[in-house]
**Student:** 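What follows is a single structure, and I will ask about it in a moment.
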Amino acid sequence: MKTFKERVHEAVKKIPKGKTLTYKEVAKRAGRPKAYRGVGNILNQNCDPRIPCHRVIRSDGSLGGYNRGALQKRKLLEEEKGE
DNA sequence: CCCCTGACACTTA
DNA sequence: ATAAGTGCCAGGG
């Protein structure tokens with residue numbers, strides 16, 4: 001069994017293009033529906049460029065945190081959503 | 001009705 | 001085992 005972090009990364013990689021999931025939804029897909037707090041911490045600390053962590057937003061629709069730059073995150077969502 | 005704050009739980013190293 | 005960080009929920013004004 002890999003670390004929950006790896007599990008979350010895979011769940012985020014499964015997010016369809018142009019769609020955004022909340023940290024809670026991702027945590028649920030990762031196998032720990034009550035670990036949405038851990039998901040936020042992991043994505044913000046380990047935002048790998050191969051992982052669309054920018055598609056993961058807060059339950060309110062806010063972008064939340066982003067290690068690479070919130071501006072980049074917003075731009076990516078705008079382009080993907082616009083497609 | 002809207003806005004803000006505090007506390008809580010989960011994970012990682 | 002501990003420390004640190006994050007997001008969701010609830011209450012109050």
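Order of the sequence lines sets the chain letters (A, B, ...), proteins ahead of strands, with each chain counted from 1. These numbers come from the heavy atoms of this one structure, side chains and all, not from hydrogens, waters or symmetry mates.
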**Student:** Give the rounded distance in Å between these two atoms: CG of Asp60(A) and C1' of dC8(C).
**Tutor:**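 Nearest whole value for this atom pair: 8 Å.
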
**Student:** From C-beta outward on Arg58(A), which listed nucleotide comes closest to its side chain: dG7(C), dA13(B), dA4(C)?
**Tutor:**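 The nucleotide sitting nearest to the side chain is dG7(C).
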
**Student:** If you find the nucleotide of DNA chain C closest to Ser59(A) and the one closest to Gln45(A), which residue's nucleotide is nearer the 5' end?
**Tutor:**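 That would be Gln45(A).
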
**Student:** Look up atom OH in Tyr23(A) and atom CG in Asn41(A), then write down how far apart they are to the nearest 0.5 Å.
**Tutor:**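 Going from the OH atom of Tyr23(A) to the CG atom of Asn41(A) covers 10.0 Å.
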
**Student:** Test of understanding: with side-chain hydrogen bond (donor to acceptor under 3.5 Å, both in side chains), list the residues that count as partners of Arg37(A), not counting sequence neighbours.
**Tutor:**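 With neighbours one apart ignored, the set is empty.
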
**Student:** To the nearest Å, give me how far apart OH (Tyr66(A)) and P (dT6(C)) are.
**Tutor:**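 So the OH-P distance, Tyr66(A) to dT6(C), works out to 16 Å.
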
**Student:** Does atom NZ of Lys28(A) have more than 12 heavy-atom neighbours, drawn from other residues, nucleotides or ligands, at distances under 6.0 Å?
**Tutor:**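 No, not enclosed.
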
**Student:** Going through the checks in order, is the salt bridge (charged side-chain N to carboxylate O under 4.0 Å, His left out) test met by Arg74(A) and Glu78(A)?
**Tutor:** CA-CA 6 Å; Arg74(A) 191 166 80 172; Glu78(A) 289 278 305; over 6 Å; no

**Student:** Starting at CD of Glu6(A) and ending at P of dT11(B), how long is that distance when rounded to a whole Å?
**Tutor:**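 Rounded to the whole Å, the gap is 15 Å.
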
**Student:** Any chance you could measure Asn46(A), atom CG, to His9(A), atom NE2, to the nearest 0.5 Å?
**Tutor:**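 With rounding to 0.5 Å, CG (Asn46(A)) is 4.5 Å from NE2 (His9(A)).
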
**Student:** Can you list, in residue-number order, the parts of residues 16-37 of chain A that come under 4.0 Å of DNA chain B, counting heavy atoms only?
**Tutor:**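 The answer is Arg32(A), Lys34(A), Ala35(A), Arg37(A).
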
**Student:** Do you know which of Arg55(A), Lys73(A), Lys17(A), Lys75(A) makes salt bridge (Lys or Arg N to Asp or Glu O under 4.0 Å) with Glu80(A)?
**Tutor:**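 The passing option is Arg55(A).
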
**Student:** With hydrophobic residues grouped by side-chain heavy-atom distances under 4.5 Å, do Val26(A) and Ile51(A) end up in a single group?
**Tutor:**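 Same cluster: Val26(A) reaches Ile51(A) through Ile, Leu, Val, Met, Phe, Trp or Tyr contacts under 4.5 Å.
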
**Student:** If you take all heavy atoms of Val12(A) and Pro52(A), which pair is closest and at what distance?
**Tutor:**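 Distance-wise, the nearest heavy atoms are O-CG, 3.3 Å.
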
**Student:** Can you measure Phe4(A) atom CZ to dA9(B) atom C1' for me and round it to whole angstrom units?
**Tutor:**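 My rounded result for the distance is 12 Å.
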
**Student:** Using nucleotides 10-13 of chain C, report all nitrogen or oxygen pairs with the protein that are shorter than 3.5 Å.
**Tutor:**
none

